[in-house]
Structure formats: C-alpha cells, structure tokens
J.: 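First the structure, then my questions, so here it is.
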Amino acid sequence: MGRAPCCDKANVKKGPWSPEEDTKLKSYIEQHGTGGNWIALPQKIGLKRCGKSCRLRWLNYLRPNIKHGGFSEEEDNIICSLYISIGSRWSIIAAQLPGRTDNDIKNYWNTRLKKKLLGKQRKDQQHTRRGSKQITKRDIINQDSRGSLIGPSFHSPYTCHHHHLCRSQFKEASLSMTTPR
DNA sequence: AATACCAGCAACCGCGTAAGT
DNA sequence: TACTTACGCGGTTGCTGGTAT
C-alpha cells in the first residue's frame with residue numbers, strides 16, 4: 001500500500017528550478033503570500049511543480065535575507081555546540097543563525113564541518129597518544145562511498161544509544177574546537 | 001586530452017505530527 | 001474520538017564542477 005502521494009507525480013516537473021519558475025513563485029508569494037496551502041499554490045500560478053517542492057524552493061532560496069555559504073568561525077562554533085547538545089535538529093539550529101536555512105546547515109555539517117571537527121579530534125588524539133597507530137583498517141571500512149566517516153567512530157550521540165563513548169567523543173572534539181588557542 | 005574520482009550542494013522522499021473535519 | 005490531509009523535518013540521492021591520474 002504505502003503512503004498516498006502528495007501530488008500527481010506524472011504531471012509534476014522534477015529537478016532544478018529554472019529562473020522563470022523562480023520568478024513566478026517569488027512574485028506570487030511576495031504579492032499574495034503562500035495562502036496557507038502549498039499544495040494548491042503551484043496550480044494557482046501555473047507551475048508544474050509539487051507543493052512541497054515550491055515550499056522548499058521558497059524557504060531555502062527565494063525567501064528574502066537568505067545567506068549562502070561563507071560560514072564564519074563563530075557560526076561553526078554555534079553549529080557544533082548545538083549539534084552536541086541537541087543532535088541533528090537542523091531547524092532548531094538554523095533558528096539560532098539568522099539567514100541560514102536548515103538545509104544549508106545540514107549540507108555544511110555533512111560535507112565540511114563534520115570532517116573539520118573529526119580532523120581536529122584526530123589531531124588531538126595523536127597528540128595525546130603519541131606513537132599510537134594513526135589510521136586503522138576499521139577507519140577505512142567505516143568510510144562510506146562519499147568518503148565521509150560513518151559507524152561507531154562518529155555517531156551522533158543522540159541517535160546512537162549503544163556507544164557510551166560517542167557523547168564524550170563529541171564533547172571532547174567540540175571543546176577542543178570551540179576553545180580559543 | 002580523456003577519463004575517473006571526489007566534494008559540494010540542490011532537491012527529493014517518506015515519516016511523524018499538528019490541524020481540521 | 002477517529003480519520004484525513006497537509007506541513008515540516010531529517011535523511012538520502014543524484015547532478016555538476018573541480019581535481020587527480
């Protein structure tokens with residue numbers, strides 16, 4: 001059975017938004033608002049898009065005062081410390097960073113910040129455990145196809161209930177990152 | 001110059017839940 | 001109270017451009 005689709009998939013365009021679609025959506029919402037119904041909105045303005053897709057486009061790109069890229073050191077620190085305290089609640093984290101969207105922060109975390117934090121953590125571990133092995137076979141196995149580290153070596157402490165070390169590892173890594181040198 | 005690989009990011013999917021009936 | 005519908009969120013996918021071989 002499964003879940004009923006939110007729209008007619010056959011008559012809905014997918015993939016990247018064209019400038020024309022952006023203009024249509026933006027000018028309509030600026031004039032009339034969303035009308036409290038995202039699903040009806042694309043039909044109203046003649047867009048062959050799913051309501052969800054319109055909502056996402058508006059929230060992440062078309063909305064005024066959206067910032068993209070160029071995360072500051074301060075923003076990095078806020079994201080890291082919030083991630084440690086609440087986990088991957090991206091919308092809550094985004095609410096603390098004006099102009100940033102949850103999607104942007106999520107991408108930034110997954111592609112860069114996680115590695116940055118991990119690199120820092122590794123450096124610190126090597127420093128404290130001088131002479132110990134550096135990268136293990138397991139580290140390599142734990143790397144997914146995109147090269148990001150997965151598995152016990154880097155769980156979110158709030159999604160992993162099995163590894164007691166996760167929480168302390170995160171805290172340790174974060175502290176070493178947030179505290180000024 | 002061609003190909004393979006990788007990183008970054010935009011967008012989609014599906015679930016949980018709030019709101020409406 | 002039970003059911004339906006739409007929204008919001010987080011995880012994941014897949015495209016694109018850059019870099020390495």
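When reading the values below, keep in mind they use all heavy atoms of this one structure, side chains included, and skip hydrogens, waters and symmetry mates. To find a chain, count down the sequence lines: A is the first, B the second, and so on, and within it residues start at 1.
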J.: Does a side-chain N or O from Trp109(A) land closer than 4.0 Å to OP1 or OP2 of dG10(C), or not?
T.: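 No, no such contact exists.
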J.: Considering only side-chain heavy atoms of Pro16(A), which listed nucleotide, dA11(B), dG10(C), dG8(C), is closest?
T.: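 When the side chain of Pro16(A) is considered, dA11(B) is the closest of dA11(B), dG10(C), dG8(C).
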J.: Hey, can you tell me if Trp90(A) and Trp109(A) have their rings parallel, tilted or perpendicular (30° and 60° cut-offs)?
T.: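 Trp90(A) and Trp109(A): tilted rings.
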J.: Does Gly51(A) offer a backbone N or O that forms a donor-acceptor pair with the side chain of Arg55(A) under 3.5 Å?
T.: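 Side chain of Arg55(A) to backbone of Gly51(A), a donor-acceptor pair under 3.5 Å: no, none is there.
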J.: With a 4.0 Å limit, can you tell me whether Arg57(A) has a side-chain N or O closer than that to the phosphate oxygens OP1/OP2 of dC12(B)?
T.: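 Indeed not, no polar side-chain atom of Arg57(A) lies that close.
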J.: Specify the separation, in whole Å, of atom CH2 of Trp38(A) and atom C1' of dT5(C).
T.: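 Atom CH2 in Trp38(A) sits about 17 Å away from atom C1' in dT5(C).
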J.: Considering just the side-chain nitrogens and oxygens of Trp90(A), establish if one lies under 4.0 Å of OP1 or OP2 belonging to dG8(C).
T.: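 Answer no for this pair, as no side-chain N or O of Trp90(A) is under 4.0 Å from OP1 or OP2.
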J.: Kindly check if the number of other-residue, nucleotide or ligand heavy atoms within 6.0 Å of NZ (Lys44(A)) is above 12?
T.: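 Enclosed: over 12 neighbouring heavy atoms sit under 6.0 Å from NZ of Lys44(A).
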J.: Does Arg49(A) offer a backbone N or O that forms a donor-acceptor pair with the side chain of Ser53(A) under 3.5 Å?
T.: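 Absent.
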J.: Nearest whole angstrom, please: distance from the P of dG8(C) to the CG of Leu59(A).
T.: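 Taking atom P of dG8(C) as the reference, CG of Leu59(A) is at 7 Å.
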J.: Under 4.0 Å, heavy atoms only, any strand: does Arg112(A) hit a base, just the sugar-phosphate, or nothing?
T.: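 Sugar-phosphate only.
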J.: Side chain of Lys52(A) only, please: which of dC15(B), dA11(B), dA6(C) is the nearest?
T.: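 Of the candidates, dC15(B) comes closest.
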J.: So what does Gly69(A) hit on the nucleic acid, given a heavy-atom distance under 4.0 Å: a base, only sugar-phosphate, or nothing?
T.: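 Result for Gly69(A) = nothing.
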J.: Does a distance-only test, which skips hydrogens and angles, find a donor-acceptor pair under 3.5 Å between the side chain of Asn107(A) and the base of dA10(B)?
T.: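 It does, because a donor-acceptor pair links the side chain of Asn107(A) to the base of dA10(B) below 3.5 Å.
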J.: Between the base of dG14(C) and the side chain of Lys14(A), is there any donor-acceptor pair under 3.5 Å?
T.: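 Under the 3.5 Å cut-off, the side chain and the base do not form any donor-acceptor pair.
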J.: I want to confirm an ordering. Mapping Tyr108(A) and Gly15(A) to their closest nucleotides on DNA chain B, which one lands closer to the 5' end?
T.: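 This one resolves to Tyr108(A).
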J.: Is a donor-acceptor contact shorter than 3.5 angstrom present between the side chain of Asn103(A) and the base of dA11(B)?
T.: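 Under the 3.5 Å cut-off, the side chain and the base do form a donor-acceptor pair.
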J.: Choosing from dC12(B), dC9(C), dA11(B), which nucleotide comes nearest the side chain of Tyr61(A)?
T.: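 Of the candidates, dA11(B) comes closest.
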J.: Tell me whether Glu21(A) is salt-bridged to Arg57(A), with the criterion being a basic N under 4.0 Å from an acidic carboxylate O.
T.: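 No, Glu21(A) and Arg57(A) are not salt-bridged.
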J.: Distance check: side-chain N/O of Ser91(A) vs OP1/OP2 of dC9(C), anything under 4.0 Å?
T.: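 True: Ser91(A) side-chain N/O within range (under 4.0 Å) of dC9(C) OP1/OP2.
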J.: Please state how far atom CG in Asp104(A) lies from atom C1' in dG11(C), giving the value in whole angstrom units.
T.: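 Rounding to the nearest Å, CG of Asp104(A) and C1' of dG11(C) are 16 Å apart.
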J.: I'd like to know if the side chain of Arg100(A) reaches the main chain of Ile66(A), judged simply by a donor and an acceptor atom lying under 3.5 Å from each other, with no hydrogens or angles considered.
T.: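 No.
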J.: For Gln43(A) and dA6(C), what is the distance between atoms CD and P respectively, to the nearest whole Å?
T.: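 Rounded to the whole Å, the gap is 10 Å.
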J.: Taking atom P of dA7(B) as reference, at what distance in whole Å does atom NZ of Lys115(A) sit?
T.: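 Atom NZ in Lys115(A) sits about 5 Å away from atom P in dA7(B).
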J.: Which nucleotide in the set dG8(C), dG8(B), dG10(C) lies at the smallest distance from any side-chain heavy atom of Arg89(A)?
T.: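 So the side chain of Arg89(A) is nearest to dG10(C).
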J.: Please answer whether the main-chain N or O of Tyr28(A) pairs with a side-chain N or O of Gln31(A) as donor and acceptor at a distance below 3.5 Å.
T.: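 No; zero donor-acceptor contacts below 3.5 Å.
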J.: Could you state the atom-to-atom distance from CG of Asn60(A) to P of dG10(C) in whole Å?
T.: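 Distance check: Asn60(A) CG to dG10(C) P gives 12 Å.
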J.: If the cut-off is 4.0 Å, is Arg55(A) near the phosphate of dA6(C), judged by side-chain N/O to OP1 or OP2?
T.: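 Negative; the distance criterion is not met.
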J.: Report which part of the nucleic acid Thr111(A) touches: base, sugar-phosphate, or nothing (heavy-atom distance under 4.0 Å, all strands).
T.: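 Base contact.
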J.: Could you tell me the separation between the CG atom of Leu56(A) and the P atom of dT13(C), rounded to a whole number of Å?
T.: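 Atom-to-atom, Leu56(A) to dT13(C), this comes out as 17 Å.
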J.: Base, sugar-phosphate, or nothing: which does Ile39(A) touch, judged by heavy atoms less than 4.0 Å apart?
T.: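 Sugar-phosphate contact only.
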J.: For the side chain of Asp102(A), starting at C-beta, report the closest nucleotide among dT12(C), dC7(C), dC9(C).
T.: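 Output: dC9(C).
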J.: Does a side-chain N or O from Ser53(A) land closer than 4.0 Å to OP1 or OP2 of dC12(B), or not?
T.: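 So the side chain of Ser53(A) is within the cut-off, an N or O lying under 4.0 Å from OP1 or OP2 of dC12(B).
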J.: Write down the distance between NZ (Lys106(A)) and P (dT12(C)), rounded to a whole number of angstrom.
T.: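 About 10 Å, once rounded to whole Å.
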